[in-house]
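Please read the structure below before turning to the comments.
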Amino acid sequence: MKKYTYIPQINSELNGLSKAEMRKYILDYYKKNLKGIEVINDDTGITIHFSMTSGRKTAMGEAMYQRKAEIIRILPELIKYALYNNIGHPKETDSQDIIGYLNFKGRCKIDGKTQNVRIAVQFQKQAKFYYNIEVNTIK
């Protein structure tokens, strides 16, 4: 069984923000700090590119909650140290450019409490990667 080699930690900074304010925070943070960087996942050796498409999807897509917004500050570390879990096949509604979905598991600590993180990376033919994040407290 694989073990996590590093678990990133952060303290909450977004207490009391509305969902709209969290979305704006993520988008602004992403533009200033993550756009254009590349991170190599230690478990697979795959290079994941941070594009504005990924940033907008993270900020504007699907569910938004504080833990998800908080981890934007440690997203490169999460992706670097996440463990590969499996690959998912493209959906029938996906474009032909999508090869599949690489699924990773990670852990982080927010305010000292360990959280499970699921990172799904959409893998496309032109080496484009888009990801989705879910954060769940370990019980």
Side-chain angles (χ1 to χ4, degrees):
M1 180 176 186
K2 296 179 187 177
K3 294 187 179 186
Y4 296 100
T5 59
Y6 176 72
I7 300 176
Q9 299 184 45
I10 54 171
N11 291 315
S12 293
E13 292 183 359
L14 306 178
N15 296 325
L17 293 185
S18 68
K19 287 183 182 183
E21 290 169 325
M22 285 187 271
R23 290 182 190 283
K24 182 178 179 342
Y25 174 84
I26 288 173
L27 200 55
D28 290 346
Y29 187 92
Y30 197 95
K31 282 179 187 177
K32 291 176 187 170
N33 300 289
L34 301 178
K35 177 184 169 187
I37 71 167
E38 296 179 341
V39 174
I40 298 172
N41 174 260
D42 283 356
D43 194 30
T44 62
I46 293 171
T47 301
I48 298 173
H49 308 271
F50 286 66
S51 68
M52 272 316 296
T53 303
S54 298
R56 278 189 296 278
K57 181 168 176 56
T58 301
M60 303 304 183
E62 301 186 20
M64 178 54 57
Y65 44 93
Q66 184 177 343
R67 290 173 295 164
K68 183 175 180 178
E70 297 281 5
I71 66 170
I72 195 71
R73 291 178 280 131
I74 56 169
L75 187 56
E77 290 175 285
L78 279 169
I79 289 174
K80 178 177 175 55
Y81 296 106
L83 299 177
Y84 173 76
N85 190 35
N86 60 35
I87 189 165
H89 299 289
K91 302 170 197 154
E92 288 183 21
T93 57
D94 285 341
S95 82
Q96 293 185 0
D97 286 340
I98 297 173
I99 296 169
Y101 297 86
L102 304 174
N103 297 302
F104 295 86
K105 299 183 296 183
R107 286 207 174 142
C108 70
K109 287 189 178 187
I110 301 175
D111 296 328
K113 192 168 189 177
T114 303
Q115 311 285 324
N116 283 322
V117 181
R118 185 186 71 78
I119 303 167
V121 177
Q122 184 187 77
F123 179 47
Q124 295 188 356
K125 289 181 182 174
Q126 291 80 28
K128 294 182 182 176
F129 297 86
Y130 303 96
Y131 49 83
N132 183 33
I133 306 161
E134 286 181 22
V135 184
N136 301 301
T137 303
I138 295 177
K139 297 182 181 185

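Heavy atoms only: backbone and side chains are in, while hydrogens, waters and symmetry mates are out.
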- Task: Keeping the roles fixed (side chain from Y30, backbone from S51), state whether a donor-acceptor pair exists under 3.5 Å.
- Result: yes
- Query: Any chain of hydrophobic side-chain contacts (each under 4.5 Å) joining L75 to I46?
  - Reply: yes
- Query: With side chains defined as the heavy atoms from C-beta onward, is the minimum distance between I72 and N33 less than 4.5 Å?
  - Reply: no
- Query: Do any pairs count as a salt bridge (Lys or Arg N to Asp or Glu O under 4.0 Å) and have a residue in residues 81-103, sequence neighbours left out, and if so which ones?
  - Reply: none
- With sequence neighbours left out, what residues match Y6 under ring pair (Phe, Tyr, Trp, His ring centres under 6.0 Å)? Y81
- Message: To check you understand the geometry: which heavy-atom pair defines the closest contact between P8 and E77, and what is its length?
- Response: CG-CB, 3.8 Å
- Student check: side-chain heavy atoms of I79 and F50 closer than 4.5 Å: yes
- I110 and V117: same hydrophobic cluster, using ILVMFWY side-chain contacts below 4.5 Å? yes
- Query: If two hydrophobic side chains count as joined below 4.5 Å and joins carry through other members, does F104 share a cluster with I74?
  - Reply: yes
- Task: Under the salt bridge (Lys or Arg N to Asp or Glu O under 4.0 Å) rule, collect the residues that match up with E13, sequence neighbours excluded.
- Result: R73
- Looking at OG of S95 and NZ of K125, how far apart are the two atoms once the value is rounded to the nearest 0.5 Å? 8.5 Å
- K3 meets the salt bridge (Lys or Arg N to Asp or Glu O under 4.0 Å) criterion, sequence neighbours left out, with none
- Message: Tell me whether Y101 shares a hydrophobic cluster with L83, the cluster being built from Ile, Leu, Val, Met, Phe, Trp, Tyr side chains joined at under 4.5 Å.
- Response: no
- Spacing of T58 atom OG1 and K68 atom NZ [to the nearest 0.5 Å]: 7.0 Å
- Item | Donor-acceptor under 3.5 Å (N103 side chain, R118 main chain) | no
- Interatomic spacing from CE in M64 to CD in E21 - rounded to 0.5 Å: 12.5 Å
- Task: For L14, check side chain to side chain contact (heavy atoms under 4.5 Å, CB included) against everything at least two apart and list the hits.
- Result: L17, Y25, Q66, A69, E70
- Query: Around Q96, counting heavy atoms of other residues, nucleotides and ligands shown, do more than 12 lie under 6.0 Å from its CD?
  - Reply: no
- Would I40 end up clustered with I48 when hydrophobic side chains under 4.5 Å apart are linked, directly or stepwise? no
- Query: Can any side-chain N or O of K19 pair as donor or acceptor with the backbone N or O of A63 at less than 3.5 Å?
  - Reply: no
- Item | I37 to P76 - nearest heavy-atom pair and separation | CD1-CG, 3.8 Å
- Got a second to check how far Y84's OH is from T44's OG1, nearest 0.5 Å? 9.0 Å
- Query: Quick check: are there more than 12 heavy atoms from other residues, nucleotides or ligands sitting under 6.0 Å from NZ of K32?
  - Reply: no
- Query: Any idea which heavy atoms bring Q122 and Q124 closest together, and the distance?
  - Reply: OE1-NE2, 2.8 Å
- Task: Could you tell me the separation between the CZ atom of R56 and the CZ atom of R23, rounded to the nearest 0.5 Å?
- Result: 14.5 Å
- Would you give the length of the straight line joining atom NE2 of H89 to atom CD1 of I98, rounded to the nearest 0.5 angstrom? 14.0 Å
- Item | salt bridge (Lys or Arg N to Asp or Glu O under 4.0 Å) partners for D28, two or more places apart | K24
- Side chain to side chain, M52 and L27, heavy atoms closer than 4.5 Å: yes
- Query: Is there a side-chain contact between T47 and H49 (heavy atoms, below 4.5 Å)?
  - Reply: yes
- Item | Within-4.5 Å side-chain heavy-atom neighbours: C108 and I10 | no
